[in-house]
Protein chains: 2
Amino acid sequence: MAEFNVDEIKEFQSRSLVEVIFRQMEGMILAGNFQPGERINESRIAALLGVSRAPIREALRLLASSGILEVRANRGMFVRDIQPREVDELYDIRGALDALAGERAAALFREDQRPRLERWMGEMAVHVEAKDVGGYYRANINFHTAIVEIAGNENLLAMYEGICKRMSLFRQASLSLPGQLGVSLQKHRKIADAITANDPAKAGNLLRHHTLEAKKTLLRAIKGKKTT
Amino acid sequence: MAEFNVDEIKEFQSRSLVEVIFRQMEGMILAGNFQPGERINESRIAALLGVSRAPIREALRLLASSGILEVRANRGMFVRDIQPREVDELYDIRGALDALAGERAAALFREDQRPRLERWMGEMAVHVEAKDVGGYYRANINFHTAIVEIAGNENLLAMYEGICKRMSLFRQASLSLPGQLGVSLQKHRKIADAITANDPAKAGNLLRHHTLEAKKTLLRAIKGKKTT
DNA sequence: AAAATGTAAACTGTCGACAGTTTACAACGG
DNA sequence: CCGTTGTAAACTGTCGACAGTTTACATTTT
């Protein structure tokens, strides 16, 4: 565990305390400040944030229900250690949601939304050029999330983001990326084109296929390396 | 609000208190003991269950994150009042998950799982005969849930059940059922056959189409009646 | 009579403390 | 030297109480 960004904590007034704590903790866990498997010490966090344990516990329970933490009775909350088996499951779900999002996005797309897609296409290209795997990973997620946003289904967006967050807890999440960098760009180009051409069926199928491929590549990379 | 089933509360030992409260409250809300829009009074529930407010609050926060309750700052938790707009969203998501589940279930199906599907097929038939809309609604959900279980993806199952629970909060959820009763049985027969024949593509397509149809029927029924 | 204002009750948000369990560790026995 | 047992520290789970906000109601004003 590591330093706290106490700045945001001060914005008491509007948001409720547990929401602020929730966001703060989520950010820190996803940023890697806590290791998977590590226990979260309620008292310590309460002391660091200068609040009592009650709101901390409520926030942690929220993180547990979103799949980022794990509750063990009388032992506390632990950062979840996502296993390949679960990544497999999550990828399948993400694929189904991606396909739905692609269909709806293609159906609803309007020209003024084009920059929201092209922005991330551009960023991905830059990161491929620079061989910046981390940057590419983020731009890639942002691209897909933009599609879900355009799909205009708030519940879908919430679930999608939840799945992405959980998957990012998987230690070797970006293991398969290096090999994909080149091919990936062209696939995303086609996806963006199908959406901007208002072709739901095509966008849906491309996305379904794309996510399935990504999953296979990752799982193959894991079995190849066995780095744990 | 109404009576409490205090029986289950006694099983302290194994499960944690907030889990018991969570299940208890969830059951009561879904059973209709609380009206959509109604406020949940923490103190009253704490008194009724004979515990303090702390575990109650943690359980309620969980229910809020699962979409059953709504948090309003400094005003408390309210039973969510699901609107047609959101049912529309949830149906689309459920459709995508149904299709995925159908594909995976058809791929993984083994003969010894047949009774799990046929049981609910039988129940649906009985309820159609008796024109018992409520019973049919439950058997129908159980049938689809059985498919998701056979798909063998625990995360998918959790999400699926979450969506079904939220949809059941929609007041006119069963509005469209009466008209469907007859046709529906044959459709489900085909779905079950595709799964037991290990035909993923067919099962997936049938389910996708089926859910879409159900959504259209319901939304049409709502607009027709406008009963709110 | 309707609107505005002020006040008390009700309720949520947060806190500090205690009870019960788990964990870490030292003393003991093989 | 290794395993066992017992004890203390650490931590979670729960509680009762208080502070601050919202809500309901009675009073006043137009």
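Numbers restart at 1 for each chain; the letters A, B, ... are given by sequence-line order, proteins then strands. Computed from heavy atoms alone, side chains included, the values below leave out hydrogens, waters and symmetry copies.
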Mark yes or no for whether B:N142, through its side chain, and B:R138, through its backbone, hold a donor-acceptor pair below 3.5 Å.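 Yes: the side chain of B:N142 pairs with the backbone of B:R138.
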
Using a cut-off of strictly less than 4.0 Å, decide whether A:N74 has a side-chain nitrogen or oxygen near OP1 or OP2 of C:dT23.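 Checking A:N74 against C:dT23: no side-chain N or O falls below 4.0 Å of OP1 or OP2.
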
Side-chain N or O of B:R57 versus OP1/OP2 of C:dG13: is the shortest distance under 4.0 Å?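 Yes, B:R57 has a side-chain N/O under 4.0 Å of OP1/OP2 on C:dG13.
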
Minimum-distance nucleotide to [X] side chain [options: [options]]:
X: A:E42; options: C:dT23, C:dT12, D:dG13; answer: D:dG13
X: B:S52; options: C:dC15, D:dG16, D:dT23; answer: D:dG16
X: B:R39; options: C:dT23, C:dC11, D:dC15; answer: C:dC11
X: B:L17; options: D:dC15, D:dT12, C:dT14; answer: D:dC15
X: B:S43; options: D:dC15, C:dT12, C:dT14; answer: C:dT12

Would you please classify the geometry between the B:H210 ring and the B:H144 ring as parallel, tilted or perpendicular, with 30° and 60° separating the classes?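 Aromatic pair B:H144/B:H210 classed parallel.
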
Check this for me, if you would: do B:R85 and B:E89 make a salt bridge, where the nitrogen-to-carboxylate-oxygen distance has to be below 4.0 angstrom?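 Looking at B:R85 and B:E89, the cut-off is met.
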
B:T211 OG1 to B:D98 CG distance, which is reported to the nearest 0.5 Å: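 If I round to the nearest 0.5 Å, the distance is 4.0 Å.
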
Euclidean distance, atom [atom1] of residue [X] to atom [atom2] of [N] [Å, nearest integer]:
X: B:N41; N: C:dT12; atom1: CG; atom2: C1'; result: 10 Å
X: A:E19; N: C:dT14; atom1: CD; atom2: C1'; result: 16 Å
X: A:R75; N: C:dT21; atom1: CZ; atom2: C1'; result: 11 Å
X: B:E58; N: D:dT14; atom1: CD; atom2: C1'; result: 9 Å
X: A:L49; N: C:dG13; atom1: CG; atom2: P; result: 18 Å
X: A:R72; N: D:dC11; atom1: CZ; atom2: P; result: 16 Å

No-H, no-angle donor-acceptor pair, A:R53 side chain to D:dG13 base, under 3.5 Å: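 Check passes, donor-acceptor contact within cut-off.
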
Exercise: do B:N140 and B:H188 side chains pair donor with acceptor under 3.5 Å: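 Note: B:N140 and B:H188 side chains meet the donor-acceptor criterion.
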
For B:I56, which contact category applies under a 4.0 Å heavy-atom criterion: base, sugar-phosphate, or nothing?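 Since no nucleic acid heavy atom lies under 4.0 Å of B:I56, the category is nothing.
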
Contact class for B:L60 vs. all strands (heavy atom < 4.0 Å): base, sugar-phosphate, or nothing?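 Here B:L60 touches no strand at all.
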
